[in-house]
Structure formats: structure tokens, C-alpha cells
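A short write-up of the structure that comes next.
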Amino acid sequence: MLEVKKFVFSPVEENTYVVYNESLDCCIIDPGCYFSNERNELKDFIDGLSLQPKYLLNTHCHLDHVFGEKFVHETYNLIPYIHKNEKEMLELAPLAAIRWNLPFDGYKGEVNYLTEGDAVRLGDDTLKVIYAPGHSPGHICFYCEAQKFILSGDVLFRQSIGRTDLPGGDFETLITNIREKLFVLPNDVKVYSGHGLETTIGFEKKNNPFLVEV
Ligand SMILES: [Zn+2]
Ligand SMILES: [Zn+2]
């Protein structure tokens, strides 16, 4: 049984998630901790529950989702898992961050790749990889079918969607992927987004201004 802990980090207010189970295994998803107190908060939570970090996962590699990548790698000796189409994003993130006035020390080591249909296993629990580009070229979501929740990154927000004006973004692709990959999930699937509040698939089908059928 998975528990989902959310942190809101950095001036960008990005949601970082720690997903863990009763065997105390955990994965860290989109570590956006920017300031040292945020890095401490993440570490204190993990250490406080005696969690064993098994995976460092990224829905995508925009700067706000990788501020803490190097820290998590160094602290827990984890190699990031990303989609191959995000490799360039990861490499360019520190450069982009200078333009945003949010300089940080980027992760430069090796990476592991995830793709559509892969399963991330944490003991008896599974997160299924759903490939849903459009906000960024290699964006993936992590879906727990058994417990009906999805970590949607910046694909789908409560009554909004990810921006598509950044490199590799494409509005039509994003909308199509939300409809064909996310809106096919049960209505009561809870959505944990990369920014903002939780929502559900059913609520967004009815209330998301970008997706409501007229
Ligand atoms: Zn993003
Ligand atoms: Zn973001």
C-alpha cells in the first residue's frame, strides 16, 4: 500500500513527492528542493520515517523539477530515471535556470531510461509509466492502478494544463495525450500534479477549461 507525501519547493512552487510503503521503501519523484532548508526538509522526512530510497524518478526535467536532483543523487546514491527525450532538458536545466534567475548546480551523471509501459516496483506496489509528451518532449506520468492515483507532473493540473511554449512543447500533442492516455483512466483516479492542488480525472473531464467537451 503506497502513501504519497507532497512537498512544495522552490520559488516556482513545484510539488516534490515521496511515495513509500509499509516495507519502508520509497521513491523520490521530481526533487525540486532549491534552498538548503528544503533539502533538509526532504531528508528529515525520509530519515524520520527510516525510509529506504530505491528510485529517483522524474516526470520530466524542467529546472523546477530537478533543482534537487544532484542532492538526492549524492545523498542516497540514486541514478535518476527519466525518459530518453528528457536527457537534453536535464543537461540544459542549469543554463535555463540562469535566465530564470534561479541558478543551481545541475546533475551531470549517468541516467537510466523509462518508457511507456515500464513498471517501477516498490515491493508489492507498482507504478506504471505512461508516456505523455506535449508539455515537454519526454514527459512521463506514474500511474498506480491498484490504488487509483497518478503522478501527472506538468501534464494535467487542477483546471489547467502544462504550458506548451517551452522548447519541445506542443499544444495539440498535450491535449491529445491527456484525452487518450489520462482521460481513459477511471474517473475516481486521484491526480497528484507537478504544481498546485490534487484533483481527479473525473473532475477534470467536467471542469478543465482546456478539455471540457462543448
Ligand atoms: Zn515542466
Ligand atoms: Zn513544473
Side-chain angles (χ1 to χ4, degrees), residues 4-19 27-35 38-39 41-42 56-72 80-107 111 113-116 129-143 149-178 181-182 190-199 204 208 210-211:
V4 180
K5 167 68 180 176
K6 171 176 127 177
F7 301 84
V8 182
F9 286 149
S10 90
V12 186
E13 299 190 349
E14 181 265 2
N15 295 336
T16 293
Y17 294 98
V18 173
V19 176
C27 43
I28 301 160
I29 301 167
D30 289 354
C33 37
Y34 185 76
F35 300 109
E38 294 174 340
R39 295 193 284 269
E41 191 185 340
L42 179 65
L56 166 54
L57 308 174
N58 284 94
T59 61
H60 65 305
C61 296
H62 283 156
L63 57 103
D64 48 326
H65 298 253
V66 300
F67 283 144
E69 203 82 7
K70 189 164 187 262
F71 168 74
V72 170
Y81 280 80
I82 66 173
H83 190 277
K84 66 173 168 25
N85 296 352
E86 288 297 303
K87 181 83 175 6
E88 204 183 336
M89 288 290 162
L90 182 62
E91 287 164 2
L92 293 176
L95 210 65
I98 292 166
R99 289 200 300 273
W100 285 72
N101 239 335
L102 290 166
F104 77 107
D105 200 5
Y107 172 78
V111 293
Y113 290 130
L114 287 173
T115 189
E116 172 88 8
V129 174
I130 296 175
Y131 177 54
H135 167 70
S136 68
H139 198 299
I140 51 179
C141 303
F142 298 99
Y143 176 45
F149 71 82
I150 186 166
L151 296 135
S152 75
D154 288 1
V155 169
L156 182 65
F157 301 125
R158 185 180 171 89
Q159 295 189 284
S160 189
I161 58 171
R163 57 191 290 181
T164 53
D165 58 334
L166 296 170
D170 183 75
F171 182 80
E172 290 305 324
T173 305
L174 181 61
I175 294 290
T176 302
N177 277 318
I178 293 172
K181 301 274 186 76
L182 270 55
K190 190 168 180 179
V191 179
Y192 294 96
S193 301
H195 301 271
L197 298 173
E198 288 80 54
T199 184
E204 294 313 310
N208 193 305
F210 293 92
L211 293 144

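Order of listing sets the numbers, starting from 1, for every ligand and every atom in it. Predicted model only: the values in this text are computed from it and were never measured.
The nearest N, O or S atom of H65 is not closer to the Zn ion (ligand 1) than 2.8 Å. The Zn ion (ligand 2) has no N, O or S atom of H62 closer than 2.8 Å. Within the 2.8 Å limit, H139 places no N, O or S atom next to the Zn ion (ligand 1). For the Zn ion (ligand 1), the N/O/S atoms of D64 include none lying under 2.8 Å.
Note on H135: its N/O/S atom closest to the Zn ion (ligand 1) is NE2. Distances from the Zn ion (ligand 2) to the N/O/S atoms of D154 are shortest for OD2. H60 contributes atom NE2 as its closest N/O/S atom to the Zn ion (ligand 1).
A donor-acceptor contact shorter than 3.5 Å is absent between the side chain of N15 and the backbone of K6. Between the side chain of R163 and the backbone N or O of H135 there is no donor-acceptor pair closer than 3.5 Å.
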Notebook entry, point to check: What's the verdict on side-chain hydrogen bond (donor to acceptor under 3.5 Å, both in side chains) for E14 and H65, showing C-alpha distance, side-chain angles and the deciding distance?
Noted result: CA-CA 7 Å; E14 181 265 2; H65 298 253; 3.3 Å; yes

Next item on the list: Take N177 and V155 through the side-chain contact (heavy atoms from CB on, under 4.5 Å) test and state the conclusion after the steps.
Entry: CA-CA 9 Å; N177 277 318; V155 169; 5.8 Å; no

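Here F149 and Y192 bring their ring centres to under 6.0 angstrom of each other. Aromatic ring centres of H62 and H139 lie farther apart than the 6.0 Å criterion allows.
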